[in-house]
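Whatever order the structure lists ligands and atoms in, that order sets their numbers, starting from 1. Since we're looking at a predicted model, the values are computed, not measured.
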Amino acid sequence: MKEFVTMETIEEAAAAVRRPLTDLPQVGIILGSGLGGVAEAVEAAAVIPYTEIPHFPQVTVEGHAGRLVIGRLEGQTVMVMQGRAHYYEGYSMARLTLPIRVMQVLGVETLIVTNAAGGLNPGFSPADVMIIRDHINLIGMAGQSPLRGPNLDRFGPRFPDMTRAYDPALRALALQVAREAGIPVHEGVYVCLAGPNFETPADVRFLRMIGADAVGMSTVPEVIVARHGGMRVLGISGISNVLTGEDEPAAETTHEEVLEAGRLLAPRLETIVRGVLRRL
Ligand code: HPA
């Protein structure tokens with residue numbers, strides 16, 4: 001499989017998604033590990049399994065349904081990704097972020113991206129929500145960029161700026177919605193690692209030192225592609241577990257723990273996403 005995606009690949013995938021639609025989506029939503037429940041709230045006009053979309057990255061991890069749900073939610077036409085693929089599943093960065101390009105071709109201008117993340121900030125507790133203020137692209141600094149290869153000029157420039165990658169107005173709106181609903185919420189910096197292993201205690205101490213508040217294995221590649229194409233982005237992390245950085249922590253991190261916290265976090269994220277959509 002090639003590392004880069006071409007305009008033809010994107011168009012073929014977009015055509016398969018467009019076919020059953022009468023209304024094109026304005027807002028894209030990506031639901032992370034254990035957070036797929038928001039899709040059930042959509043008045044669905046079309047449900048398309050990823051297996052039916054040519055070139056789409058397939059999901060292999062438990063907690064990700066692997067389908068697109070397109071329809072109405074809080075007055076907006078939304079395209080919801082119920083589950084996402086991750087770099088550790090073996091896709092190139094460009095393939096992994098193909099769904100964002102498809103959204104852009106269909107006319108989506110706003111992206112709401114969610115994830116499950118480990119809390120690094122000592123002030124965070126499990127099931128808290130973090131609105132992403134900024135990210136650290138550690139995986140990108142190590143040489144993995146979804147924009148590597150020929151630039152797709154139709155979407156954006158060769159050297160896209162990454163200041164204010166997370167839209168300040170959307171962040172303020174999300175914080176306001178969460179606070180009004182009594183949801184424990186923070187704003188902070190998300191750092192993306194490749195995974196699939198969780199972090200060592202020394203990793204945790206390092207990530208804190210460089211200014212990260214939460215750590216996960218997704219989101220940053222998608223946001224880079226979204227920003228390259230000029231989308232407005234809102235990023236929301238559900239803090240599924242907290243990392244202490246102690247050499248002998250009381251508990252180890254497990255995927256089950258991440259999914260368990262998702263059961264508490266999913267309704268919180270749904271409240272925030274719905275509130276933001278209502279006031280867009
Ligand atoms: N580390 C990395 N990714 C994660 C974690 C974590 O502790 N929790 C959920 N996703």
Exercise. Using a strict 4.0 Å threshold on nitrogen-to-oxygen distance, state whether Arg171 and Asp134 make a salt bridge.
Key: no
Quiz item: For Thr253 and ligand 1, does the shortest N/O to N/O distance drop below 3.5 Å?
Solution: no
Self-check item: CG-CD1 distance between Asn121 and Ile239, expressed to the nearest 0.5 angstrom
Solution: 8.5 Å
Quiz item: Any idea which atoms of ligand 1 are less than 4.0 Å away from a heavy-atom of Ala117?
Solution: 5 (C), 8 (N), 9 (C), 10 (N)
Quiz prompt | atom 4 (C) of ligand 1 [closest protein heavy-atom partner, distance rounded to 0.1 Å] | solution = Val215 O, 3.7 Å
Quiz item: Do Arg179 and Gln176 have side-chain N/O donor and acceptor atoms under 3.5 Å apart?
Solution: no
Quiz item: Which residue and non-hydrogen atom of the protein lie closest to atom 9 (C) of ligand 1, and at what distance in Å?
Solution: Ser240 OG, 3.3 Å
Quiz item: Do Arg227 side-chain atoms and Pro160 backbone N/O form a donor-acceptor pair below 3.5 Å?
Solution: no
Quiz item: Counting heavy atoms only, which part of Leu193 comes closer than 4.0 Å to ligand 1: side chain, backbone, both or neither?
Solution: neither
Quiz prompt | Minimum non-hydrogen distance to atom 5 (C) of ligand 1, winning option of Ala261, Gly32, Gly118, Gly238 | solution = Gly118
Exercise. Write down the atom of Arg268, the atom of Asp128, and the distance for their closest heavy-atom approach.
Key: NH1-N, 4.3 Å
Exercise. Say whether Ser218 and Asn115, considering side chains only, have a donor N or O and an acceptor N or O under 3.5 Å apart.
Key: no
Quiz item: For ligand 1, is any non-hydrogen atom under 4.0 Å from Asn241's backbone (N, CA, C, O), its side chain (CB onward), both, or neither?
Solution: side chain
Practice problem: Quick one: look up the protein heavy atom nearest atom 10 (N) of ligand 1 and list residue, atom name and how far away it is. | Solution: Ala116 O, 3.3 Å
Quiz item: If we ignore angles and hydrogens, is there a donor and acceptor under 3.5 Å between the side chains of Tyr166 and His135?
Solution: yes
Exercise. Could you check atom 1 (N) of ligand 1 against the protein and tell me its nearest heavy-atom contact, residue, atom and distance included?
Key: Glu199 OE1, 2.8 Å
